[in-house]
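Inspection log for the structure reproduced underneath, given as structure tokens.
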Amino acid sequence: MSAITADLIASHQLNPEEYDKIVRLLGREPTYTELGIFSVMWSEHCSYKSSRLHLKKLPTESARVLVGPGENAGIIDIGDGWAIAFKIESHNHPSFIEPFQGAATGVGGILRDIFTMGARPIAVLDALRFGPLDDPGNGARNRRILEGVVSGIAHYGNCFGVPTVGGECVFEPSYSGNPLVNVFALGVFRHDEVFFGRASGVGNPVIYVGAKTGRDGVHGATMASAEFSEESKQKRPNVQVGDPFMEKLLLEACIEAMKTGAIVGIQDMGAAGLTSSTCEMGSRAGTGIEIDLQYVPQRAAGMTPYEIMLSESQERMLLVAQKGREDEVFRVFRKWGLDAVTIGEVKGDGLLRVKDHGKVVAEIPNRALADEAPLYDRPHTRPLQVAPLQGPQFQSLDVQADLLRILGSGDVCSKRWIWEQYDYMVRTNTLQSPGGDAAIVRIKETGTSIAMALDGNGRFCALDPREGTKLMVAECCRNLSTVGALPVAATNNLNFGNPERPEIMAQLVESIEGLGEACRHFETPITGGNVSLYNETLGEAIFPSPVLGIVGLMKTDAPITIPFKAPGRTVILIGGFGQCDETQFGGTQYAKVVLDRLWGKPPALDMDYEKRVHSAIREIVTKGLADSAHDLSDGGFGVALAECCFGGIGAKIEIAWDARPELALFHEGPSRVLVSTSHPEEVERIALFHGVESPRIGMTAAGRLTIRHNGTDLIDIPANELQNVWDTGLERLLHHV
């Protein structure tokens, strides 16, 4: 290979100062293979060099947290000797370039993060962001990306045999050139079945298992650490190709091999492939690893050491076994028809030493790669202002027509077209299927169920990253509490633009600080997550888009659901009507769908009051006092009421609140849950005990939803008409009708 040039360094997305640091750490110029290894390990995607300083502000500990950030997945105790592992990851850039495989391999990667810890995956959720499907210029591409991403998620999850039980999908112009695909996975195991990605024991063999290595995915991590340009589609070879059937075999083989007792450490070959798994396992254990690439199973002829080390081919793991017990491991993988080959051994020198047919092609201290990556305190000013503080003058001409428009809009309408492509019942543990406030899966071996919710609101965060993020945490916890679960821990995916722009870096800092503040208040420590930066195309950044996944614990029981169950039940608004002025109305779905505008500030959040609402609704639900329950979020009071009518039971509602009809029906202030009950006095007593409002607002009734506001009729419509508009909204957008 020719000498390392400035152009070559720049093509590896390393700046001159970073290259100088590499030379200092090595005491010499790097080889071409070493340059590639540093470029992926020091990429934003792998090193978090722009965010690490601020991520330290997040709470990460509680009595339930067994393993926090730094491992492949976080682990919390759920009682009776059982634990769950969970994490969220992004596959944004690959899903733009190759939607099907980008999304599919995103699912594959997060599943390996779970079972490399020793847990069997039992649930997947996804948070998706696309450009508008009816956009005049980009609509056709946005529809193609949506269809490809959903097909990829369905293909991988369904073939692997894990239920995709929930998620969310949002459409905004800022995602037209940069969709977001965030995938959450959760697995279950016993405390004594936990494994770690550590290369312990000098002399122990390092074993490669799973699929063969190919050229797909080379430089995937560095691609994920750059903005998109006109040339981005040429990066299609950087996108990995997944095989879910191979991954299913790998899962079963890994779990069986773990039970032999012969495995010391195990790590997924995810971002940066063989490079990250070797150096991270060595760094965590304070050891070195020496491998010879001639032994790495390869599916392409003539691969160079550079290509082998940087390939991100899927369905591969790296194991460290006890010396002398290799055959126990090999027998298991042969049984499942998978490659399992010793490619090296653990050393005591702390170095990653890579040989090719005995010749050393890379020799780097593990800590230099895994722990000495640049750490930037990037300048940050004020968050980018994307909208004015003051909005337009507006007055609805037809509130009922507005409600129907919002119900049929992309963000609010039914996502049945998406989730019906997923097998959400496989393994028969799903208690609450997609479409509820939270997904619920039972743990058969205990009396415990796990509730999971994903939430994010880019519009609120664009207006105020700190307050928007706090509202996201509140909503996620409220979703869990509404089904009766106690929120206990969280994982986060931070999707932002270019951190080298001070106004974008300010968005990230504000969001992280808001996340830390809210997670402390709601007692949901962050156990791990992902940061995805450089989500920009041609200089246009996405909305700041943090996504939060929170898990909650509850006793296994029939879940509470959204629809009203019978006529003649009292409808109560736990938390009251809330507060919202016109400045705080600019981020709502009404502002988006009816007015096509964005302005102002997000709704105000009183975290103490919000937490009391959570406690009240959990007690109401767990005592069996609610026939139905539904939190208020996108679309506010009007949309939540309509959604409660989708079982065919309507309601007669009277709003006695001194606010304009548009604000009364469609403001999106937090801390509110709709309940129908045949025990109103008991519900009110619990609300009073927790110090939250609980106005009676009407009764359920057969067939129609009617809403009166201060004596004026606003809504009078059959429940089935509301449901039809909501149910068919996404198909209309997809078919552009």
Side-chain angles (χ1 to χ4, degrees), residues 396 398-409 411-414 435-437 475 478-479 482 560-578 580 588-590 593-594 603 613 617 626-657 659-677 680 683 693-710 712-727 729:
S396 176
D398 186 338
V399 172
Q400 183 162 300
D402 294 341
L403 174 59
L404 292 172
R405 283 186 65 186
I406 296 171
L407 283 173
S409 66
D411 292 359
V412 174
C413 69
S414 169
D437 284 322
E475 183 185 349
R478 191 165 64 249
N479 281 327
T482 299
I560 194 79
T561 57
I562 293 171
F564 295 140
K565 300 301 184 293
R569 301 292 192 260
T570 302
V571 181
I572 295 177
L573 184 55
I574 303 298
F577 290 106
C580 182
T588 63
Q589 289 297 316
Y590 185 96
V593 176
V594 178
V613 169
I617 189 60
D627 288 350
S628 69
H630 186 23
D631 92 301
L632 274 62
S633 55
D634 288 350
F637 182 63
V639 166
L641 267 172
E643 290 171 339
C644 290
C645 297
F646 288 167
I649 304 297
K652 293 182 178 180
I653 302 298
E654 182 77 43
I655 305 173
W657 183 39
R660 290 175 51 193
E662 301 92 336
L663 270 64
L665 278 187
F666 301 116
H667 90 78
E668 295 178 10
S671 316
R672 299 182 294 160
V673 182
L674 267 174
V675 169
S676 68
T677 180
V683 167
E693 297 177 43
S694 58
R696 299 192 192 192
I697 58 172
M699 301 290 288
T700 58
R704 299 184 75 85
L705 173 63
T706 62
I707 303 176
R708 288 171 59 84
H709 175 245
N710 293 334
T712 301
D713 293 333
L714 294 182
I715 305 287
D716 185 359
I717 191 168
N720 59 6
E721 185 176 336
L722 292 167
Q723 183 165 2
N724 182 63
V725 169
W726 175 81
D727 220 13

Quiz item: Who pairs with Ala719 by side-chain contact (heavy atoms from CB on, under 4.5 Å), at least two apart in sequence or on another chain?
Solution: Cys645
Self-check item: Heavy-atom donor-acceptor pair, Gln589 side chain to Gly635 backbone, under 3.5 Å
Solution: no
Self-check item: Expected output: side-chain Glu662 to main-chain Ser396 donor-acceptor under 3.5 Å
Solution: yes
Quiz item: Has Lys652 got more than 12 heavy atoms of other residues, nucleotides or ligands less than 6.0 Å from its NZ?
Solution: no
If you compare all heavy atoms of [X] against all heavy atoms of [Y], which two are closest, and at what distance to 0.1 Å?
X      : Y      : result
Ser676 : Ser628 : OG-OG, 2.6 Å
Val399 : Pro661 : CG2-CB, 4.3 Å
Pro603 : Gly669 : CB-CA, 3.8 Å
Asp402 : Tyr590 : OD2-OH, 3.2 Å
Ser671 : Val613 : O-CG2, 3.6 Å
Glu475 : Ser633 : OE2-CB, 3.2 Å

Quiz item: Just how far is it from atom CG of Leu641 to atom CD1 of Ile697, taken to the nearest 0.5 Å?
Solution: 5.5 Å
Considering the options [options], which one meets the side-chain contact (heavy atoms from CB on, under 4.5 Å) requirement together with [X]?
X      : options                        : answer
Ile406 : Leu665, Thr588, Val593         : Val593
Leu573 : Val673, Val675, Ile653, Leu632 : Leu632
Asp437 : Thr561, Asp631, Ile560         : Asp631

Taking the side chain as everything from C-beta on, heavy atoms only, tell me whether [X] gets closer than 4.5 Å to [Y].
X      : Y      : result
Ile574 : Val683 : yes
Phe577 : Ile655 : yes
Ile617 : Arg478 : no
Leu722 : Ile717 : yes
Phe646 : Asp727 : no

Exercise. Report the residues that fulfil side chain to side chain donor-acceptor pair (under 3.5 Å) with Glu668, sequence neighbours left out, ordered by chain and then residue number.
Key: none
Solution key, residues 698-709 side-chain donor-acceptor pairs under 3.5 Å, sequence neighbours excluded:
| residue | atom | partner | partner atom | Å |
| --- | --- | --- | --- | --- |
| Thr700 | OG1 | Ala566 | O | 2.6 |
| Thr700 | OG1 | Gly568 | N | 3.0 |
| Thr700 | OG1 | Arg569 | N | 2.8 |
| Arg704 | NE | Asp716 | OD1 | 2.9 |
| Arg704 | NH2 | Asp716 | OD1 | 3.2 |
| Arg708 | NE | Glu654 | OE1 | 3.2 |
| Arg708 | NH1 | Asp713 | OD1 | 2.7 |
| Arg708 | NH2 | Gly711 | O | 2.9 |
| His709 | NE2 | Trp657 | O | 3.1 |
| His709 | NE2 | Ala659 | O | 2.9 |

